[in-house]
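Values below: every heavy atom of this structure, side chains too, minus hydrogens, waters and symmetry copies.
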Amino acid sequence: MDTPLSTIAVVGLGTMGTGIAEVLALAGREVIGIDISEAAALGAVASLEASTARAVGRGRITEEERAAALARFRTADTLQAAADAELVIEVVPESYEIKQQVFRELDAVVSPTTILATGTNALSVTRLAAESQRPERVLGLHFFNPAPAMKLVEVVSSVLTAPPAVEAVTTLARELGKEPVAVGDRPGFVADGLLFGYLNQAAAMYEANYASREDIDAAMKLGCGLPMGPLALLDLIGIDTARTVLEAMYAESHDRLHAPAPILGQLSSAGLTGRKAGRGFYTYDAAGGQDVVPDALTPAAGAEAGAGRAVASVGVAGSGTMASGIAEVFAKAGYGVVLAARTQEKADLAKGRIAKSLERSVAKGRLSAEARDETLARITAAGSLDAFAEVDLAVEAVAEDLEIKQQLFASLDKVCRPGAVLATTTSSLPVVAIARATARPEDVIGMHFFNPAPAMKLVEVVRTVLTADDVHATVRAVCAKIRKHPVDCGDRAGFIVNALLFPYLNNAIKMVEEHYASLDDIDAAMKLGGGYPMGPFELLDVVGLDVSLAIEKVLHREFRDPGLAPAPLLEHLVAAGCLGRKTGRGFREYARR
């Protein structure tokens, strides 16, 4: 099976097949594009002509290279055209019947040494291979959309695949400028196996009316740095496609997190499959369009929930990184800030941390020296909560411990003037339980900032069943003034971001526990295939494994879903004191500074 793979057939000229053909042709391969639809074949040619013309216009290739690539691509309407191919890549619809028919016909056409690759991301490669006359030459070659831009290629082996076939396509992937990751045969493989569970939970969150589609998407983009929100991504992938992948994953895992959210089936049955249909979770300008247009669910511009309370001064309780970051944010926005800690020394140290942060901004040209001085002058460091007597908004950023927060709010209740808004930055505790520690729970709300607060734009605004409307309106108005993006959510574990993020991280750990893929391959898959700024294990080590475990336990306790039970490996590492970067060792080891 030692072959140079210089002539390659691509069966199925939809968006993915056309993209793969373009990558191959530009890399010097002879490419035969095969599709029974003449329109699809003509569309592939037109697409290749247009994309290569754009590449010339942007200086990425020369006109001569473009002409050569176009000359290497030809189309056909029958599998007989693949007779001389050394590799055939099928990207036909996700159906065993259709794919097995393609493989049966190819068996009668191609050479005994030809490698047959399926582009599936949901179906069993082993099952497809078993139907072939030569299962040792069948494997998975999973590109990501858009194929010309996305670097990841998952090379999927079944128990029947011969190593030389894997080596040949792995070498090819590298020659195409891709990053191949070797994985075993299970639905979703690595990237989609983690991605689709997350997308499914986002769909379920929306279906439960927990948060709006706009807030869910904004939360995950701004809170996690993702290129797209989950509901917009489902529309791009195709809601019917996502449901097919999830059905395959659930059939194997029986994990309720993979059981397709009913709304996916409802939208699919109604033909509302996303961008390709012109409507899915969002409405688009046309079938196949990219631009979202307003519909009945689009929030009215500038619509806010009534008038709020006046806020001129803010108290921030705490002395850690989050507290000092929040105080910096408010002071930059022009608020008078009281930064209170348990002792004057701790408060002074926290203000000193803010001074250093502002100095860095001046050094980088982001802030003037005058603005730095004005910002620092607005901050008063205090060693007692008594300094909050006249603040209009009190924000706590102390330890993530319910008893500690309840004690703090009981103190705020006594110190703060009537009508002051009391906000907690908790990321996982029930806000209402904190509110009930006061005699005015209607004045209490969640304001979950993200770390580092000066840089992160998101604030999750968490109202309880007791929170007053004008308190909610006040906090949203304050968020606008401090240039943060507020998203509304109810008072339940994890709110939006952590409720979607941590099950995904937990599932990544389970993949390692099951010896399905390595830390490095999983991190690479999610960065290159999903556009994540960090791989799951990089992120876990940065967040802290103890923090991650605590959040996982809260989610499991509230939702009581077995799939949310913390992975044993995470518990073992925390028990061993391996907490991530802060201890020098977590999932990886780090140099001590």
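When all heavy atoms of Ile354 and Ala327 are compared, the pair lying nearest together is CD1-CB, 3.8 Å. Scanning both residues, Ala211 and Asp488, for their nearest heavy atoms gives CB-O, 3.8 Å. Closest non-hydrogen pair, Ile379 versus Ala331, comes out as CG1-CB, 3.6 Å. The heavy-atom pair separating Ala202 from Leu500 by the smallest distance is N-CD2, 3.5 Å. Closest heavy-atom contact between Ala567 and Lys510: CB-CG, 4.1 Å. The two residues Met447 and Cys479 come nearest to each other via the heavy atoms CE-SG, 4.1 Å.
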Go through Leu501 and Leu539 one step at a time and tell me if the side-chain contact (heavy atoms from CB on, under 4.5 Å) criterion holds. CA-CA 10 Å; Leu501 175 63; Leu539 182 57; 4.0 Å; yes
Between Val471 and Arg309, is the side-chain contact (heavy atoms from CB on, under 4.5 Å) condition met? List the steps. CA-CA 7 Å; Val471 168; Arg309 305 176 186 179; 3.4 Å; yes
Does Asp541 form a salt bridge (Lys or Arg N to Asp or Glu O under 4.0 Å) with Arg585? I'd like the steps, not just the answer. CA-CA 8 Å; Asp541 279 352; Arg585 183 177 175 187; over 6 Å; no
Candidate pair Thr298 and Arg213, rule side-chain hydrogen bond (donor to acceptor under 3.5 Å, both in side chains), full reasoning: CA-CA 9 Å; Thr298 303; Arg213 61 190 179 181; 3.2 Å; yes
Asp469/His472 under side-chain contact (heavy atoms from CB on, under 4.5 Å): CA gap, chis, key distance, verdict: CA-CA 5 Å; Asp469 289 342; His472 175 245; 5.7 Å; no
Phe196 vs Ile237, test: side-chain contact (heavy atoms from CB on, under 4.5 Å). Steps then yes/no. CA-CA 10 Å; Phe196 277 87; Ile237 292 167; 4.0 Å; yes
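Counting heavy atoms of neighbouring residues, nucleotides and ligands inside a 6.0 Å radius, atom CZ of Arg417 exceeds 12 of them. Remark: Glu442 CD is packed, more than 12 non-hydrogen atoms of other residues, nucleotides or ligands lying under 6.0 Å away.
Checked for salt-bridge contact, Glu359 and Arg372 meet the test: a charged N lies under 4.0 Å from a carboxylate O. Salt bridge status for Asp295 with Arg279: absent, with no side-chain N to carboxylate O gap under 4.0 Å. Look at Lys414 and Asp386 and you find no salt bridge, because none of the NZ, NE, NH1 or NH2 atoms lies under 4.0 Å from a carboxylate O. Between Asp348 and Arg353 there is no salt bridge, since none of the side-chain N atoms of the basic residue sits less than 4.0 Å from a carboxylate O of the acidic one.
Using the six-membered ring where Trp is involved, Tyr284 and Tyr282 have ring planes that are perpendicular, over 60° apart on the 30 and 60° scheme. The aromatic rings of Tyr198 and Tyr504 sit tilted, their planes meeting at an angle between 30° and 60°.
One N or O on the side chain of Glu400 and one on the backbone of Ser427 form a donor-acceptor pair closer than 3.5 Å. In this structure, Lys481 contributes its side chain and Tyr335 its backbone to no donor-acceptor pair below 3.5 Å. In this structure a side-chain-to-backbone donor-acceptor pair under 3.5 Å is present from Tyr210 to Gly490. Not a single donor-acceptor pair under 3.5 Å links the side chain of Glu396 to the backbone N or O of Val316. When atom types are taken as modelled, the side chain of Thr467 and the backbone of Val444 share a donor-acceptor pair closer than 3.5 angstrom. For the pair Glu207 (side chain) and Ile263 (backbone), a donor-acceptor distance under 3.5 Å is present. No side-chain donor-acceptor contact under 3.5 Å links Asp491 to the backbone of Arg463. With Arg275 contributing its side chain and Ala286 its backbone, the two residues share no donor-acceptor pair below 3.5 Å. A donor-acceptor contact shorter than 3.5 Å is absent between the side chain of Asp546 and the backbone of Val574. Asn200 places a side-chain N or O within 3.5 Å of a backbone atom of Leu257 that can act as its donor or acceptor partner.
Note that the CD atom of Glu460 and the CG atom of Leu222 stand 10.5 Å from one another [nearest 0.5 Å]. Leu569 CG to Ile509 CD1: the interatomic distance, rounded to the nearest 0.5 Å, is 6.5 Å. The CZ atom of Phe587 sits 10.0 Å away from atom SG of Cys578, with the distance rounded to the nearest 0.5 Å. We find the CG-CD distance between Leu358 and Glu374 to be 11.5 Å, quoted to the nearest 0.5 Å. For the atom pair CD (Glu328) and CG (Leu376), the distance works out to 8.5 Å, reported to the nearest 0.5 Å. Expressed to the nearest 0.5 Å, how far CD1 of Ile216 lies from SG of Cys489 amounts to 10.0 Å.
Counting only heavy atoms from C-beta outward, the side chains of Pro533 and Lys527 never approach each other to under 4.5 Å. The closest side-chain heavy-atom distance from His448 to Ile496 is not below 4.5 Å. Inter-residue side-chain proximity for Phe450 and Val497 is flagged as met; some heavy-atom pair is nearer than 4.5 Å. Val547 places a side-chain heavy atom less than 4.5 Å from the side chain of Ile551. Contact check for Ile522 versus Leu519: no side-chain heavy atoms found under the 4.5 Å cut-off. You'll find the side chain of Asp217 stays beyond 4.5 Å of the side chain of Glu214, heavy atoms only. Arg492 has its side chain within reach of Met205: a pair of non-hydrogen atoms, C-beta onward, lies under 4.5 Å apart. With contacts defined as side-chain heavy-atom distances shorter than 4.5 Å, the pair Leu458/Lys484 does not qualify.
For the side-chain contact (heavy atoms from CB on, under 4.5 Å) test with Val461, the passing option among Ile445, Val487, Val478 is Ile445; the others fail. The residue from Asp520, Asp521, Val153 that alone fulfils the side-chain contact (heavy atoms from CB on, under 4.5 Å) condition with Val181 is Asp521.
Note on residues 429-441: pairs passing side chain to side chain donor-acceptor pair (under 3.5 Å), not counting sequence neighbours, are Asp413-Arg440.
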